[in-house]
Each structure stands twice: as C-alpha cells, then as structure tokens.
Amino acid sequence: MSNDEIKFVINGYTQGAIPDYQMSAFLMALCFTGIDDCRTSYMTKCMVETGDVPDLSDISGIVADKHSTGGVGDKTTLVVVPIVAACGGKVAKMSGRGLGYTGGTIDKLESIEGFNTSLGFEKFIEQVNVVGAAIVAQMQNLAPADKKIYALRDVTGTVDCLPLIASSIMSKKLASGADAIVLDVKYGSGAFMKTLKQAQQLADLMVSIGENNGKKMKALITDMSVPLGEAIGNSLEVIEAVKTLKGLGPKDLSDLCIEIAASMLELSLDISYAECVKLCENSISSGSAFNKFSDIVKAQGGNISCIDDIGLFKKADYIKKVKSPKSGEISLMNTEKVGEISCRLGAGCLELDDKIDHSAGIIIKKKTGDLVKPDDTLAILHTNNKEVLKDAEAEYLDSISIQ
Ligand code: URA
C-alpha cells in the first residue's frame, strides 16, 4: 500500500466519500495482514491532518506532554503537570473525560468549584507562558478521522489491532501539538493491554510513530494490576493529588509521578534523567510544586480554598466501610471491576447519559500482597446513591481474592 493510497482512504472515509462497508473491509484486511511502522506512522499523520492542530509556537521553550493508556485511580496528570511547570518545563495539556471504568482528568478537575476547563485558545497559550502550565478539555476537531474510524472499529471487531490502537492514540497526541511526549503504557487487570509483552509492543510502536512525525518521545511501561494510589473517584483523587504534591501521597503514586515528570523534563530541558529526578523531588519538598498547582487552579478560576484545606471538598452522603470476611493475604484484585464499582457508585459514566457524582468513589485500604484479619477495613465506599451501596459492597468483596 503506497502513502498516496493510505491518504486517499483516510481522507475519503473522513469526508464521507468512502462508505462504512468499504472501510470495514480495509480495517479488517489491515488487522489480518498487518502494516509496517513507517506506513502506520504515515497513516497517523494523515489522521492528524483531517483536523485542527493548535499552533503552540507562541509558547517559549519545548512544550511537553504526557499520555497514559488509561487506568484505575490514575491521577498522575494532576501531580505531574505542576511538578514539571515548577521545574521550568512548559505543559499545554489537553485532557479527556472518563471512558468506561477509567477516570478522566477533566472530570477530576471539575470537582474543584469554578475550575474552567475550556479556556479560549489565546488564554490557554498565555497561561502556559505565564504560569508554565494549563489543563483544558480536548478540542472538538482533534483528529476527526480517529473519532469516525474508532466508532467503526467498535462495531466491526477491529479494536484489538496493534497498529490501529497505536495510530488512534498517537493521532490525538500528535494533534495536541506538543514537541515532546512521554507515554505511560499500562498493563495488567486494570489496563487496556493485559500483558507486559502487549504493552511493550504498543509502547515501541507509539514511540516510532512519534519519532517518525518529528517528536521527542519516551515510553514507560507500568503495572496496572492494582489501582494506582488509594483513591478512585473525582474529588477523592484531587485530594490524593494535593497530598502527593505536599509529599504525603502513597508511594506507588508518588514514585510514578516523579518518573513521568522527570522524563518530561529530560526531553524538555536536555539535562540528565538523574538531575531531573532531583529537581522534581526538590519541587515537592520545597512546596513549589504544590504552589504551582494552586497557581494553575487560581488561573483557571477554581476555588483554591479547598486546595488549601482539603476538608472543604463536599463529602458524599453515604460512606461505608467494606470489612474483610476472613484472615489471609490479598492474592489478587480485579482492578477493572473495582473501577466499574466506582462508576456505579457515581464516579463515572458506564452509559452515555450517566451523570458524574464528583464526591463518589472508593478509598482502598488494602491491596494485593497485604495481610488482613476479619473485620479489617478493605476499602471505603463513597456515594450519594444509597440504593447502590449494598450491591457495591458485595461486588467489592467479589473483586478481590483473600487466601
Ligand atoms: N484508546 C484509543 O484512543 N484508541 C484505541 O484504539 C484504544 C484505546
């Protein structure tokens, strides 16, 4: 297949000249025969060019971005963006809303009263230049080819195909306009990629697509077989992010945030990874990362009193502890299921017209490898919908194995 043919198919389908049945045949053929990295990179470029690409050239310095392939309790953007900005990096972040059982940064930020996630473009650029970072909702016309192709893949059994997954994710990343991109590719029961090998293959292909399109790239491969940190759910995750920025967060989350932020700085500032780690750690201990988060919240109209005093976040009406029924070691957590339970408590949308309850979610008290006794608290459920509480408790117990 030549580059011209690839361009013809992507443009033709996006503009409606190629019908669904022909595109389905193309996608299916691509799944069976495969496509090399160069052509996948070119296909991704064509997908990007079907929409708008923001011009970030008015931002001084290298603009860095991060992308996580999704997970449960992944609030890294809330921590990483202020750390990078506090250390002199620039982040013009466009984020998404929750998708299925994985939460979205924009929903999380909207649990801060008044936080505006749709700044106009000029204000967005100005804030990145003045504050160092801004976080807004993804623009509508970002890689429209991907939106159309993804919907078709969903109904034609062609979602699970590496080049299609990589081009889909990277089309949106490249269209966000950053110069340097750090990918956090997850594997495990709470991730899209269930095995380490699949995650490695996806990471390699996405790095190659980015580099072939002129970006500085780095990929981390991280475990999502247990939720990240302790909090799942929008305001609960913001609270945990604030604690992490103050150096009081759970170790797994704190370590990963430093790793991602240091990688973004390494690509942006051209200094060694070890030096970047030190810069990031200092930004936490000196309070500059937390202050930067406050600056971002203030610049985007959010009420910073709840950032200064996390006790001011509205609590859910019903809070219930899930107790261990027996002694033993937690040998396994079904993280995807834990994410679904959190959605059912109100933290996310499982159906298109579900509404988000910002105070709902789960605080996890025990994870895989922890020893428990009868009556130990395994998790605390938060919801404003009393009716779902009983089933959620039973499902939570079902989602973990104690041996
Ligand atoms: N996420 C995406 O954006 N695209 C895929 O194909 C899979 C996950």
Side-chain angles (χ1 to χ4, degrees), residues 9-10 13-14 23-24 26-28 30-32 34-35 37 39-41 43-48 50-51 53 65-72 74 76-77 93-107 137-178 181-195 197-210 213 215 217 219-222 224 335-336 339-340 348-350 352:
V9 172
I10 299 297
Y13 184 61
T14 311
M23 191 63 179
S24 307
F26 171 79
L27 293 172
M28 192 61 82
L30 194 149
C31 286
F32 281 112
I35 170 171
D37 290 11
R39 287 187 178 82
T40 308
S41 302
M43 180 167 75
T44 312
K45 175 173 150 62
C46 295
M47 289 163 74
V48 174
T50 58
V53 178
D65 197 0
K66 68 162 279 269
H67 178 77
S68 154
T69 58
V72 178
D74 186 344
T76 49
T77 296
K93 187 90 189 93
M94 292 186 197
S95 288
R97 295 191 181 274
L99 195 66
Y101 61 89
T102 63
T105 301
I106 293 303
D107 299 325
Q138 254 162 23
M139 294 178 314
Q140 282 301 316
N141 198 31
L142 206 75
D146 174 61
K147 203 168 180 184
K148 224 176 150 191
I149 294 170
Y150 192 87
L152 187 64
R153 285 167 59 206
D154 209 18
V155 291
T156 53
T158 51
V159 167
D160 205 7
C161 165
L162 205 66
L164 291 178
I165 296 171
S167 57
S168 166
I169 295 173
M170 285 305 293
S171 65
K172 287 167 289 209
K173 276 293 104 181
L174 296 178
S176 298
I181 304 167
V182 173
L183 303 167
D184 176 17
V185 183
K186 311 272 192 198
Y187 68 93
S189 67
F192 195 65
M193 297 284 123
K194 299 296 176 203
T195 68
K197 188 164 173 233
Q198 288 172 330
Q200 261 159 350
Q201 286 171 337
L202 180 61
D204 287 347
L205 184 51
M206 290 198 294
V207 166
S208 160
I209 293 172
N213 282 286
K215 305 292 178 186
M217 298 292 302
L220 313 175
I221 303 198
T222 66
M224 190 33 86
T335 299
E336 181 171 339
E340 282 169 8
C349 305
L350 289 171
L352 217 52

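In this text the structure is predicted, and so the values were computed from the model without any measurement. Counting starts at 1 for both ligands and their atoms, following the listed order.
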* Structure fact -> Residues passing the side-chain contact (heavy atoms from CB on, under 4.5 Å) test with Ala178, sequence neighbours excluded, are Val63, Asp65
* Are Asp146 and Lys172 ion-paired here, with the side-chain N under 4.0 Å from a carboxylate O? -> yes
* Can you name the salt bridge (Lys or Arg N to Asp or Glu O under 4.0 Å) partners of Lys45, sequence neighbours left out? -> Glu49
* Do Thr69 and Leu183 come within less than 4.5 Å of each other through their side chains, counting heavy atoms only? -> no
List below, pair by pair, the N or O atoms of ligand 1 and of the protein that are less than 3.5 Å apart, including the distance to 0.1 Å; reply 'none' if no pair qualifies.
| unit_1 | atom_1 | unit_2 | atom_2 | d |
| --- | --- | --- | --- | --- |
| ligand 1 | 3 (O) | Ser168 | OG | 3.4 |
| ligand 1 | 3 (O) | Lys172 | NZ | 2.5 |
| ligand 1 | 4 (N) | Ser168 | OG | 2.6 |
| ligand 1 | 6 (O) | Arg153 | NH1 | 3.0 |
| ligand 1 | 6 (O) | Arg153 | NH2 | 2.9 |
| ligand 1 | 6 (O) | Ser168 | OG | 3.4 |

* To do: Using the test side-chain contact (heavy atoms from CB on, under 4.5 Å), find all partners of Thr158 that sit at least two apart in sequence or belong to another chain.
  => Leu27, Met28, Cys31, Arg153, Thr156, Leu164
* Asked: Does the side chain of Lys66 pick up a donor-acceptor pair with the side chain of Thr77 at under 3.5 Å?
  -> yes
